[in-house]
Amino acid sequence: MNTTPTPTTPEAPTATAPAPPDRSLCRGPQPLTARLEPWMEELLADDGTCRRLLAEHGSPVNVIDTAPLVRNIGELRAAAAAHGVDFEVYVARKANKAIAVVDAARDAGAGIDVASDDELAQVLERGVDPAKIILTSAVKPPATLRRALDAGVVVSLDNLDELDDLLAETGGEPADVALRLAAQAPGIRPTRFGLPGDEWLEALGAAGGRVRVSGVHFHLHGYAAGDRVTVLGEALAFVDRLREAGHDVRFVDIGGGIPMSYLDDRAEWDAFWAAMRARRDDLRGGAASGQLTWNDEPLGLDGSGVVYPFWQESTRRGWLESVLAGRIGGAGVAEALRDRGLQLRCEPGRSVLDGCGLTLSSVAFRKNRADGVPLVGLHMNRTQMRSTSLDVLMDPILVRSPGAEAGPEVDAYLVGAYCIEDELILRRRLRFPAGVRRDDVVAFPNTAGYLMHIVESASHQIPLAANVVRRGGGFERDLIDGRQFGVQKEQGH
Ligand SMILES: *Cc1c(COP(=O)(O)O)cnc(C)c1O
């Protein structure tokens, strides 16, 4: 296929870039090819290093590189700058627990959105400017409110009981808060978070001068730019009323949900769903072959749940530009923000961690289920590579020694360590044209945003996965390991 003539004079010992990983060694029957960062390609091309990381830190091992975080934050800043809008990114801490993420966000001059007491304590300890922290925990223990107040971190208030708790901690001293706005605009899904503007204004009247509202905050379900424009309209009207009531409101925070794409190829994404629908039709008609998912699970096509849109048209910069170009009332969003002298903030998690991580796992066994369905067991469990979405839909990468002998082709499902019949790492059937060897490494791409951490558990007393940070060509253990619940024990093979 490659008709390019091979160069013939390799006299100087050029740094021989290792061949990129062979993506054909593992694909779904309907492939979903993940986009890889150059650092990922480099690591996956080096099977020895992958195996060494697993031997040193156990399986699975999460590998994190924070360089793309800085680039992603820059993309968002560029969108705001193009519209002349004062802007800051507050990275959603909960999307990845590595301390390296905090340090990288801090060094990029970005802020952090924290969702628990430990997250708050940690980012303060890492020297993040308290003015660059917002506390948005869904439930806030009084001790956490105390910690935020002492440090001068703005609290995003959710409800009136929380306001009471805050006032009990301040003892009359005025406290800086943001108010979480529960949008009521038509077409916006009702939210459990925050309160409508009217309720806030009434409560503020009763609280007198004991709270100073410095910001209005919301976080919406889904990824639609149009929904952000709609609710920004509501938020700005709320800001105007707060200012009339004497509050010095300085920012509006649109929360997270900024889209990203895991896949480059829209055609693959469309073809996958077309095949899933065709398979469902075939099953209804009774004539089906070519199973795509475990027990023919519909991955939400029956309305039983959702999968993340792993391919999306508009991401980070383009998405934020379309929010800023949106119109509320007679004015453009950017203009409305500028006219009010408001800073726009956002709290992206997933989309700024795009490209920052992958998860490596070693092969435990190959076998067939009692009815003959081939299985590949991995040294990991299903909480170590998933989100609240029904499944993660990118093909893994099989990393194999260049000299290793191929085995017989097999179509198999990846199963994991929990003693549960449906303990699948991925629900999709995968094709291994050159088989699976016990010394192969299975790599899951782009796991830094939620996938490696958000639902991980230490059930069965299996330790949590180690987190290693790639820095200057080497790898070091992230500081979060060893200081968290369910601590990963030192382990080796
Ligand atoms: C989870 C969350 C975020 C981050 O959302 P992403 O979808 O990862 O961008 C931001 N803000 C709040 C309040 C959240 O709960």
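Just so you know, ligand 1 is whichever comes first in the structure, and atom 1 is the first atom listed for that ligand.
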*Asks:* In terms of side-chain geometry, is the basic nitrogen of Arg241 or Asp198 positioned less than 4.0 Å from the acidic oxygen of its partner?
*Replies:*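 Salt bridge between Arg241 and Asp198, a charged N being under 4.0 Å from a carboxylate O: yes.
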*Asks:* Is the CD atom of Glu202 crowded by more than 12 outside heavy atoms at less than 6.0 Å?
*Replies:*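 No, the 6.0 Å shell around CD holds no more than 12 heavy atoms from other groups.
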*Asks:* With a 4.0 angstrom cut-off on heavy atoms, strictly below it, pick out the residues next to ligand 1 and order them by chain and number.
*Replies:*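 Residues near ligand 1: Ala92, Lys94, Asp113, Thr136, Arg180, His219, Gly256, Gly257, Glu347, Pro348, Gly349, Arg350, Tyr450.
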*Asks:* Taking only residues two or more places apart in sequence, or in another chain, which ones meet Arg210 in a salt bridge (charged side-chain N to carboxylate O under 4.0 Å, His left out)?
*Replies:*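 None.
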*Asks:* Under the side chain to side chain donor-acceptor pair (under 3.5 Å) rule, what do Ser362 and His379 come out as? Steps first, then yes or no, please.
*Replies:* CA-CA 6 Å; Ser362 44; His379 285 292; 4.8 Å; no
*Asks:* Find out whether the Lys NZ or Arg CZ of Arg350 is both under 6.0 angstrom from the six-membered ring centre of Tyr450 and within 45° of the ring's axis.
*Replies:*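 No, Arg350 does not lie over the aromatic ring of Tyr450.
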*Asks:* With under 30° as parallel and over 60° as perpendicular, where do the rings of Tyr223 and Tyr308 fit, or are they tilted in between?
*Replies:*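 The arrangement is perpendicular - the two ring planes meet at more than 60°.
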